[in-house]
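Report on the following structure.
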Amino acid sequence: MAQPSKELRFEPPDNKRLANLCGPLDANLRQVETALDVAITRRAARLVVRGEAAAVERACTLLETLYARAAVPLDADEFQLAAVASLSGDAADEDAPRLMTRRRDLAGRTPNQRAYLESILAHDVTFGIGPAGTGKTYLAVACAVDALERDAVKRIVLVRPAVEAGERLGFLPGDLAQKVDPYLRPLYDALYDLMGFDRVGKMFEKGAIEIAPLAYMRGRTLNHAFIILDEAQNTTPEQMKMFLTRMGFGAKAVVTGDPTQIDLPRGTRSGLIEAQEVLDGVRGVAMTRFSAADVVRHPLVGRIVAAYEAHAARAPEDGRADVAEALLRGPRGRP
């Protein structure tokens with residue numbers, strides 16, 4: 001049985017726009033094919049899109065939207081973000097939170113991302129739980145930068161457990177900052193993108209931005225600070241409780257993590273999974289759960305995440321059944 005197809009002819013014809021839309025050797029069209037699971041054939045200015053009926057309609061709408069923007073060359077990021085919006089089937093909300101950062105167009109790209117931003121702004125503690133590429137860390141850092149720019153907080157504190165590939169801080173060369181640096185690189189990257197390299201450097205010098213390994217947080221009280229705990233799936237229950245009780249007056253905390261990527265020793269329960277159960281329903285605490293549909297990296301990442309989720313649902317391995325079940329059920333057995 002032949003797949004549904006639809007022909008596109010752009011009127012009025014514009015060879016420059018068409019070239020910008022298709023990209024070198026039709027690379028942009030291949031990206032749309034991968035993102036939306038369709039096949040696109042081009043003959044001069046004629047495009048034929050084949051695939052499932054709904055996917056064909058989404059692809060045609062996306063191509064028409066991008067053609068309208070193609071007076072100038074389109075970069076890969078623009079294609080990928082447009083594809084994410086197309087897959088979500090959700091138009092941009094003009095009332096969605098807008099943050100004060102160097103990226104003027106920064107906003108949630110999916111319904112879950114917008115709900116996440118709203119939760120961070122409205123709650124003192126917010127959990128962002130889900131797979132890689134869903135914007136959990138980046139959006140948390142963006143909210144922290146926004147709060148600092150608006151003088152809602154006096155400093156940003158970035159925290160991460162140093163649990164990676166079996167290495168420990170003591171075995172790495174250098175002083176404390178050099179030992180911790182590799183673990184916090186994703187947070188640095190987000191800061192540089194949102195504030196600029198020079199400004200971030202000055203903020204570190206003034207103490208307005210601080211990095212801290214989780215192990216060094218004990219005994220501290222953080223007032224008027226925006227605190228981000230990244231990679232929280234690698235905390236123990238004791239560490240998670242210790243972190244959440246560091247909050248002082250005027251503080252806000254965001255906890256991000258992916259329960260399917262736990263690097264703790266076998267048999268050690270993740271503090272992130274326990275926190276979902278313990279804090280469910282606690283006033284002032286919000287939880288946003290992301291899925292493969294919220295991935296805003298390369299379109300293939302969403303499919304990889306979905307494939308791993310499906311595999312975990314069929315056959316949890318290595319005694320990590322509790323991890324897969326927590327991810328799929330949510331707290332207290334609710335989907």
Side-chain angles (χ1 to χ4, degrees), residues 76-77 80-81 99-106 109 113 116-117 120 126-128 130-150 152-165 167-217 220 222 224-235 239 243 246 251-258 261 263 272 290 295-298 301:
D77 288 354
Q80 290 179 12
L81 292 173
L99 304 177
M100 186 183 293
T101 72
R102 196 174 69 157
R103 295 284 300 274
R104 300 297 180 187
D105 61 341
L106 182 63
R109 303 284 181 176
Q113 287 188 350
Y116 181 52
L117 290 176
I120 292 174
T126 301
F127 285 76
T134 52
K136 306 182 302 294
T137 300
Y138 188 87
L139 292 176
V141 174
C143 287
V145 171
D146 175 77
L148 190 64
E149 297 285 11
R150 297 179 189 277
V153 297
K154 300 302 180 185
R155 58 179 166 159
I156 298 172
V157 181
L158 308 175
V159 184
R160 210 177 190 206
V163 180
E164 298 286 346
E167 291 190 281
R168 296 294 181 269
L169 289 177
F171 294 100
L172 297 175
D175 58 21
L176 177 61
Q178 291 170 324
K179 291 173 186 287
V180 174
D181 185 81
Y183 298 99
L184 293 167
R185 182 52 52 185
L187 299 172
Y188 281 124
D189 291 341
L191 283 171
Y192 294 148
D193 189 44
L194 293 163
M195 299 181 74
F197 187 87
D198 292 338
R199 184 128 191 273
V200 170
K202 291 177 182 176
M203 289 293 181
F204 272 114
E205 290 176 4
K206 292 166 52 179
I209 300 177
E210 176 190 347
I211 58 172
L214 182 58
Y216 290 82
M217 291 291 289
R220 299 186 62 183
L222 300 174
H224 306 291
F226 196 115
I227 319 157
I228 299 173
L229 173 60
D230 194 31
E231 299 290 345
Q233 74 275 4
N234 288 330
T235 63
Q239 288 175 326
F243 170 80
R246 298 307 93 200
K252 187 181 289 281
V254 178
V255 178
T256 69
D258 179 359
Q261 298 192 45
D263 299 310
L272 179 62
F290 296 94
V295 172
V296 291
R297 290 181 183 169
H298 189 287
V301 174

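We use all heavy atoms of the structure for the numbers below, so side chains are in, but hydrogens, waters and symmetry mates are not. Numbers here simply count residues along the sequence, with the first being 1.
Considering only heavy atoms from C-beta on, Tyr116 comes within 4.5 Å of Thr126 through its side chain.
Looking only at distances, no side-chain donor or acceptor of Asn234 sits under 3.5 Å from a matching main-chain atom of Pro161. Checked by atom type and distance alone, the side chain of Lys252 never pairs as donor or acceptor with a backbone atom of Ile227 at under 3.5 Å.
The distance between the ring centers of Tyr188 and Phe204 falls below 6.0 angstrom.
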inquiry  = Run the side-chain contact (heavy atoms from CB on, under 4.5 Å) test on Glu210 and Arg155 for me, step by step, so that the C-alpha distance in whole Å, both residues' side-chain angles and the decisive distance to 0.1 Å come before the verdict.
reply    = CA-CA 8 Å; Glu210 176 190 347; Arg155 58 179 166 159; 3.3 Å; yes

inquiry  = If you apply the rule side-chain contact (heavy atoms from CB on, under 4.5 Å), what do you find for Val157 with Phe226, and how did you get there?
reply    = CA-CA 6 Å; Val157 181; Phe226 196 115; over 6 Å; no

query = Are Met195 and Ile209 close enough, and set up right, to give a side-chain contact (heavy atoms from CB on, under 4.5 Å), and what steps lead you there?
reply = CA-CA 12 Å; Met195 299 181 74; Ile209 300 177; 4.1 Å; yes

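Rounding to the nearest 0.5 angstrom, the gap separating the OG1 atom in Thr137 from the CG atom in Asp258 is 10.0 Å. Note that CZ of Phe197 and CG of Leu191 are 11.5 Å apart. Values are rounded to the nearest 0.5 Å. Atom SG of Cys143 sits about 13.0 Å away from atom CG of Leu148, to the nearest 0.5 Å. The CG atom of Leu139 sits 10.5 Å away from atom CD1 of Ile228, with the distance rounded to the nearest 0.5 Å. Put simply, CG on Leu214 and CG on Asp230 are 11.5 Å apart, with the number rounded to the nearest 0.5 Å. Atom CE of residue Met217 and atom CD of residue Gln239 lie 11.5 Å apart, to the nearest 0.5 angstrom.
One finds no salt bridge joining Lys202 and Asp198 here, because no Lys/Arg side-chain nitrogen approaches an Asp/Glu carboxylate oxygen to under 4.0 Å. Ion pairing of Glu231 with Lys136 is absent here, as no side-chain N (NZ or NE/NH1/NH2) approaches a carboxylate O to less than 4.0 Å.
Here the rule is side chain to side chain contact (heavy atoms under 4.5 Å, CB included) with Leu229, and of Val159, Leu272, Val254 only Val159 fits it.
Pairing each heavy atom of Ala140 with each of Ile120, the nearest pair is CA-CD1, 4.3 Å.
With hydrogens and angles left out, the side-chain atoms of Tyr138 and Asp193 include a donor and acceptor closer than 3.5 Å.
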